[in-house]
Amino acid sequence: MLTNLRALAAQSCYEVVDLGQSLSDVLPKAQLQLKNPADKALLQEICFGLMRQLPQLEFVCQKLMDKPLVKQLRPLQFLIYVGLYQLKFLRIPDHAAIGETVEAARLLKGQKLTGLINAVLRNAQRQPELFDFSQAHVAVQTNHPGWIVTSLQQAYPEQWQEVIDANQQKAPLWLRVNQQQIRPDAFMAALEAEGLSANQPFSYLPTAILLEQAQDVTLLPGYDDGWFSVQDAAAQHAAYFLQPHNGEAILDACCAPGGKTSHILELAPQAQLLALDKDPRRLQRVHANLERLQLHAEVLAADAATPELWAHGRSFDRILLDVPCSATGVIRRHPDIRWLRKKADIAALVALQQQILQQIWPLLKPGGILLYATCSVLPDENQQQISAFVQSQQDAELVPLSAEYSDSQWQILPGQQQMDGFYYAKLRKTTR
């Protein structure tokens, strides 16, 4: 078992980039091997930072090494990236960054490579000009795969650089107040009593609270009592746009991990809510969230794409369809997405979204509302998907999202009003 945080960082990033695992799965397991909270925080900082800066770290290595390490030595290649990230981006003394990184190599069975690793890091320390990327390929300059850069340039010719810049920033901490437990003004007062600065940027959404500094949320007032959840403000618009009412039959068709499920119930606790997701493991989070927030829903492990296996004649007044997507709008929160997602994935995701839309639509009652949502910024998954659906579905019409948003669709870009990238479209089933 590894207990050295730099060795853990290298191993974790190797498992993400080379083995295709999610950082959200890998990092918590690595942090369990550390006792010191400060070490856990530094491990997260290094892993997230390395995911954000990977092309530039690779670029520097290419100038300092004849060839990259391969096969069973790949974790040690990532250890070199860990060392470079510390030298360039962290306030760790150079001698400590280099010494600790070289020592970590021994724990990764790299005793014979400690000299190489030491030399690469010391050469990088002595040559700051290596970190000049002005003449490098656009993928290196932006720290994004070329296909993502091209997609953003095509979709947002005037804003693509802003999206890239936002993706490179740390995401802020947004909270959502559980109005079934405490009023937003009372929760704000509780935060102020603890000396914590926060604000409510949306007058029509007073439950959306932005903390000025990141905190351990489990130590915030009322965590154990279910006073709040962690949820980005963009995602908080889902339940608001859905406008649920008590007594209605509501379907949250792709619900895990349950943030939007619980928000719907906070607005309409007497709604007959079915929370559906095809991954039983992810539904454990849904159950845990509902229990902490003291809310109740019917939770079912089933695939939204095959309602014939679970719907059994049920119909719904409102449906939230937060479909599987590329997650290109939440790269700042999950920087590994840019390396896990491939261009070839998009066509398959678009086809799956179309299938789910077509299969779920018949479950909506005449006059009912379906809110389509993704955390993507790609038009293929968003505007183009909805346009094609409305043209093919004679009883589907677009309607305004809310009183504040008269448009029927809204593409939020990363960083806009400090929110994640998100897309919404609101559809009503006509009765004609």
Side-chain angles (χ1 to χ4, degrees), residues 15-26 51 139 144-156 160 163 167 235 238 251-257 260 276-283 301-311 319-331 333-363 370-393 396 409 411-414 420-425 427:
E15 291 176 5
V16 170
V17 177
D18 282 21
L19 303 185
Q21 298 186 42
S22 167
L23 188 58
S24 297
D25 294 331
V26 170
M51 290 296 107
H144 282 66
W147 76 267
I148 290 184
V149 176
T150 299
S151 297
L152 292 174
Q153 289 173 330
Q154 292 173 347
Y156 309 103
W160 71 271
V163 175
N167 287 347
L251 172 64
D252 186 354
C254 305
C255 70
K260 300 177 188 69
L276 190 83
D277 201 276
K278 70 176 185 179
D279 188 343
R281 294 172 300 176
R282 298 189 73 210
L283 285 177
D303 190 346
T306 56
E308 67 275 8
L309 299 180
W310 54 266
I319 297 175
L320 173 59
L321 198 57
D322 186 2
V323 292
C325 71
S326 63
T328 45
V330 292
I331 286 176
R333 279 189 199 283
H334 305 282
D336 53 322
I337 286 171
R338 66 189 94 185
W339 316 124
L340 296 175
R341 188 70 66 223
K342 308 301 179 187
K343 183 179 181 180
D345 297 338
I346 305 305
L349 284 166
V350 169
L352 176 60
Q353 293 158 2
Q354 183 182 51
Q355 179 189 7
I356 293 175
L357 256 173
Q358 292 173 341
Q359 293 297 315
I360 288 295
W361 184 255
L363 304 185
L370 184 146
L371 185 69
Y372 177 89
T374 77
C375 55
S376 169
V377 295
L378 302 181
D380 318 47
E381 304 177 85
N382 298 339
Q383 296 93 339
Q384 293 175 19
Q385 182 74 268
I386 292 301
S387 177
F389 179 75
V390 171
Q391 290 178 20
S392 67
Q393 200 72 41
Q409 303 176 65
Q411 177 66 72
I412 308 170
L413 295 180
D420 290 342
F422 231 84
Y423 171 80
Y424 289 108
L427 301 167

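Every heavy atom of this structure was used, including side-chain atoms; hydrogens, water molecules and symmetry mates were not.
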**Message:** How long is the straight-line distance from CD of E381 back to CD1 of I386, given to the nearest 0.5 Å?
**Reply:** 11.5 Å
**Min side-chain heavy-atom separation P307-L363 under 4.5 Å** = yes
**Item:** Expected output: side-chain W310 to main-chain D303 donor-acceptor under 3.5 Å
**Value:** yes
**Request:** Could you tell me which residues satisfy side chain to side chain donor-acceptor pair (under 3.5 Å) with Q393, sequence neighbours excluded, listed by chain and number?
**Result:** D395
**Item:** Nearest-0.5 Å distance that lies between atom CG in D322 and atom OH in Y372
**Value:** 9.5 Å
**Item:** L340 side chain reached by V16 side chain, heavy atoms, under 4.5 Å
**Value:** yes
**Message:** Does any part of the side chain of I148, heavy atoms only, come nearer than 4.5 Å to the side chain of N167, both counted from C-beta?
**Reply:** no
**Asked** Considering the options L349, I356, L357, which one meets the side-chain contact (heavy atoms from CB on, under 4.5 Å) requirement together with Q353?
**Response** L349
**Prompt:** Can you list the steps and then say if S326 with D345 is a side-chain hydrogen bond (donor to acceptor under 3.5 Å, both in side chains)?
**Reply:** CA-CA 8 Å; S326 63; D345 297 338; over 6 Å; no
**Fill in**
Those residues at least two apart in sequence (or on a different chain) that pass side chain to side chain donor-acceptor pair (under 3.5 Å) with D18 are R74
**Request:** Working to the nearest 0.5 Å, report the span between CH2 of W361 and CD1 of I319.
**Result:** 8.0 Å
**Request:** Report the distance from atom CG of L370 to atom CG of L251, rounding to the nearest 0.5 Å.
**Result:** 8.5 Å
**Request:** Could you tell me whether the side chain of V17 reaches within less than 4.5 Å of the side chain of M51, counting heavy atoms only?
**Result:** yes
**Item:** Any side-chain heavy-atom pair of T374 and N382 under 4.5 Å
**Value:** yes
**Asked** Less than 4.5 Å apart, any side-chain heavy atom of Q359 and any of E308?
**Response** yes
**Fill in**
OG (S376) and CZ (F422) are apart, to the nearest 0.5 Å, by 10.5 Å
**Asked** K260 versus C255: any side-chain heavy-atom pair under 4.5 Å?
**Response** no
**T150 versus Q154, side-chain donor and acceptor atoms under 3.5 Å** = no
**Prompt:** Considering only heavy atoms from C-beta outward, does the side chain of Q411 approach that of Y156 to under 4.5 Å?
**Reply:** yes
**Complete:** Heavy atoms of V377 and P414 approach each other most closely as CG1-CD, 3.8 Å
